[in-house]
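The next block holds one structure in the form of structure tokens; read it before the comments.
For the numbers below, each heavy atom of this structure counts, side chains included, while hydrogens, waters and symmetry mates do not.
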Amino acid sequence: MAKGRVLAVDDQRYFRELISGLLGQEGYEVVTVGSGEEAVRAMERERFDVVVTDLVMPGMSGTDLVRRIKATDPEQDVVVVTGVVDVRSAVEAMKLGASEYLLKPFDRDALATALGSILQRRRLHVERDRLLAENIEYMAERSLFERAISMFSTLSIEALAEKMVESLAGELDADGAALWLVSETQPDLLVLAAVHGLVRGSEEAETLATTELPKALREGAVSCSGEVGEGGAEAARHVLYVLLRSAGRVAGLVRISDKRGGAPFDEIDRGYAERLANFAEVAIRNAWHLRDVQRRALQDPTTGAHRFELVEDVVRREIERAARFGRSFSVARLRAHGESGAPGGTAARDAVVASLRSRLRAADLLTLAPDGSILVLLAETDALGAATFKRRVREWSQGAAARVDIGVASCPADATDWAALARRLEARLDRDATASAWERCLAESGIAAVMAGLLEEGTSESPDTAAALARFALSEVGRNPRERNLFFFHPGGPLATALSAFDARRTQECATEVIVLAAPARPAQEGRVAWVSPERLPGCPPFAVHYGDGPSYALVCASEPGREGLRLFHTNDRETVEALAFRLQLDLRMPTLA
């Protein structure tokens with residue numbers, strides 16, 4: 001008995017015979033036709049399990065055929081076949097309801113795997129229909145299937161994540177759910193993607209390592225029960241964890257909580273959750289698949305850079321995610337110059353694009369702006385990470401034929417809408433010459449000499465004023481635990497009172513790195529404070545430098561010979577503070593920046 005009946009549609013006889021031969025050897029019954037019109041007539045006479053059609057055909061195209069088939073029989077499975085240059089048509093066919101697509105040339109394994117998966121899903125549907133016909137858990141099955149269909153009809157990753165937590169919470173009569181999906185750049189890291197009901201995104205872990213999953217899930221279970229909460233004022237809550245997998249790897253984690261009535265989740269709940277999770281896994285793969293197709297369709301064929309329209313759309317979605325989950329992302333803008341220093345043409349720009357593509361992560365997007373500049377979306381990157389990226393670009397561009405100006409801006413540190421981010425990028429790109437001059441000056445003269453030069457531009461102030469400013473700068477440490485900042489502090493004599501009033505325990509739960517150039521008053525100091533000997537920076541005057549997601553600030557002071565007061569310089573100019581912070585990080589070799 002044949003595995004299934006397949007209708008193969010292609011205007012080229014070679015591909016018709018190829019498909020017929022490959023599938024015939026795999027045990028399928030194959031009927032071939034040479035046009036979309038013939039396919040329609042054949043389907044009026046006979047039933048087929050799967051239709052395999054080329055997209056580019058004279059007369060009725062493959063896209064038109066998919067539309068015609070779905071209008072007549074929405075449940076008919078269709079596989080579309082196309083070349084790389086026609087991925088836009090593949091995207092359109094997927095949106096119309098095609099089950100799968102294959103790129104020419106394909107091999108027997110790819111074709112057999114695609115058909116096997118489709119027929120397996122069809123068999124599952126047949127089995128579901130049989131159970132419904134026998135009225136076994138009729139209403140529950142119908143609800144489950146309707147939720148699955150709703151997920152299958154959602155092709156956007158963000159919208160699908162929202163649909164998944166809503167569906168799982170609804171199916172289990174729960175008021176809360178959270179979903180973490182695998183990171184595009186780090187396969188062993190899960191990133192918060194959606195929350196539902198009583199769960200607040202700001203209170204959830206932004207990322208989870210796969211090693212942090214419950215033990216039962218790490219040992220192979222699909223779901224397991226658990227509790228969250230610390231007791232006391234907040235009683236422990238019953239939760240159900242459900243693991244999502246794709247191609248044998250962890251794809252995501254759902255945590256369902258707040259079951260109505262306060263009861264724990266039982267085996268029936270686990271069964272429903274696991275079954276719905278099976279549909280969710282397929283929906284995730286479809287959404288990832290479509291996203292990859294769309295990205296390839298929106299790439300410049302010469303440089304491989306994505307088209308500007310895609311990046312604009314992604315930036316707006318990232319802004320929404322940043323607002324909901326407290327995330328950060330950054331955008332870099334680069335302008336290439338030729339060897340003469342004048343704005344470069346396409347050759348200089350393309351050279352920079354080629355170099356960038358080899359250095360970016362998979363989740364980053366690179367595009368060509370209409371004005372000829374280059375935009376890079378740096379996913380999950382805060383202000384400190386963006387500044388680190390800028391310095392690395394500057395390092396490799398020094399030996400390249402094309403010189404690069406670069407400006408970076410971060411959300412939410414710099415702006416929370418695309419128009420404001422674009423304006424900030426333009427301003428920082430224009431000021432890049434100033435930033436480069438600061439870096440050259442620090443590299444040539446050293447941090448101590450540059451700070452001494454800054455003092456010459458300062459004013460005479462009382463020691464109390466300097467200490468008050470330093471205390472204010474220290475008070476910003478840990479104010480927002482999610483912010484990642486660098487804080488370098490050399491109290492010397494003038495700022496010692498500010499250090500004595502600083503409680504290092506404030507850094508315990510925050511992301512700010514604090515480096516103090518002083519012998520520790522208490523060797524077992526709590527918090528994330530690194531104590532460094534002042535001898536590491538000989539001749540450097542007392543200073544405080546704060547840079548990152550929070551406000552940028554630098555203070556330098558020193559005693560004035562023959563006077564009671566101090567010479568004081570302070571600034572919040574971002575380029576100045578950034579240059580000082582990264583020079584200190586380089587000279588002290590700490591902290592290590594990723």
Side-chain angles (χ1 to χ4, degrees), residues 383-384 387 390-391 394 405 407 427-428 430-477 485-502 514-519 532-548 550-590:
L384 195 56
K390 181 171 72 171
R391 268 153 178 75
R394 199 148 4 244
D405 291 336
R428 290 190 178 160
D430 291 340
R431 286 181 57 84
D432 191 54
T434 301
S436 298
W438 269 115
E439 294 170 18
R440 288 195 300 271
C441 181
L442 284 162
E444 295 169 0
S445 303
I447 189 75
V450 169
M451 287 192 173
L454 291 175
L455 281 174
E456 295 179 3
E457 302 178 14
T459 58
S460 296
E461 301 288 349
S462 70
D464 290 342
T465 299
L469 289 171
R471 283 196 298 272
F472 177 77
L474 281 166
S475 71
E476 290 297 310
V477 175
N485 301 286
L486 297 178
F487 192 96
F488 295 93
F489 190 45
H490 176 22
L495 307 180
T497 57
L499 179 61
S500 63
F502 175 60
V514 181
I515 298 91
V516 180
L517 278 78
V532 181
S533 171
E535 296 178 359
R536 297 275 292 273
L537 294 178
C540 221
F543 61 79
V545 175
H546 184 273
Y547 179 80
S552 300
Y553 182 73
L555 175 153
V556 186
C557 66
S559 301
E560 290 191 285
R563 297 186 180 183
E564 295 183 358
L566 297 175
R567 193 73 178 173
L568 175 68
F569 170 87
H570 64 119
T571 180
N572 62 355
D573 178 73
R574 191 171 185 84
E575 282 73 21
T576 303
V577 180
E578 179 185 324
L580 292 173
F582 276 87
R583 191 67 213 181
L584 287 167
Q585 187 265 338
L586 180 64
D587 289 349
L588 296 174
R589 297 182 178 85
M590 64 187 309

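Summarising the geometry of V556 relative to L455, their closest heavy-atom pair is O-CD2, 3.4 Å, with the distance given to 0.1 Å. Closest approach of F487 and A544 over heavy atoms only: CZ-CB, 4.2 Å. P541 approaches A558 most closely through the heavy-atom pair CB-CB, 4.2 Å. Contact between L566 and S462 at its shortest, heavy atoms only, is CD1-O, 4.5 Å. Smallest separation of non-hydrogen atoms from V450 and C441: CG2-SG, 3.8 Å. Closest heavy-atom contact between A466 and L495: O-CD2, 3.6 Å.
No side-chain heavy atom of F502 sits under 4.5 Å from any side-chain heavy atom of R471. You'll find the side chain of S552 stays beyond 4.5 Å of the side chain of H546, heavy atoms only.
Note that the NE2 atom of H490 and the CG atom of L499 stand 11.5 Å from one another [nearest 0.5 Å]. Atom OG1 of residue T576 and atom CG of residue L442 lie 9.5 Å apart, to the nearest 0.5 angstrom. Atom SG of C557 and atom CZ of R567 lie 12.5 Å apart (nearest 0.5 Å). Within the model, atoms CZ of F489 and CG of L517 stand 10.5 Å from one another, a figure rounded to the nearest 0.5 Å. To the nearest 0.5 Å, atom CG of residue L584 and atom CG of residue L486 are 9.5 Å apart. Atom NE2 of residue H570 and atom CG of residue L454 lie 12.5 Å apart, to the nearest 0.5 angstrom.
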Q: Dump the intermediate steps for side chain to side chain contact (heavy atoms under 4.5 Å, CB included) on L469 and L568, then the final yes or no.
A: CA-CA 10 Å; L469 289 171; L568 175 68; 3.7 Å; yes
Q: Please report the C-alpha distance between Y553 and V577 in whole Å, then the side-chain angles of each, then the deciding distance to 0.1 Å, and finally whether the side chain to side chain contact (heavy atoms under 4.5 Å, CB included) criterion is met.
A: CA-CA 6 Å; Y553 182 73; V577 180; 5.6 Å; no
Q) Run the side chain to side chain contact (heavy atoms under 4.5 Å, CB included) check on M590 and V532 step by step: do they pass? A) CA-CA 10 Å; M590 64 187 309; V532 181; 3.5 Å; yes
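For residues 430-454, the salt bridge (Lys or Arg N to Asp or Glu O under 4.0 Å) pairs, not counting sequence neighbours, are R391-E439, R394-D432, R394-E439, R431-D573, R431-E575. Here salt bridge (Lys or Arg N to Asp or Glu O under 4.0 Å) pairs that include residues 456-465, with residues two or more places apart or in two chains, number zero.
A search for ring pair (Phe, Tyr, Trp, His ring centres under 6.0 Å) contacts involving F488 returns nothing, not counting sequence neighbours. Under the ring pair (Phe, Tyr, Trp, His ring centres under 6.0 Å) criterion, F569 pairs with no residue at all, not counting sequence neighbours. The side-chain hydrogen bond (donor to acceptor under 3.5 Å, both in side chains) check on S559 picks up nothing, with sequence neighbours excluded. Taking S475 as the reference, nothing meets the side-chain hydrogen bond (donor to acceptor under 3.5 Å, both in side chains) condition, with sequence neighbours excluded.
Checked by atom type and distance alone, the side chain of R583 never pairs as donor or acceptor with a backbone atom of I447 at under 3.5 Å.
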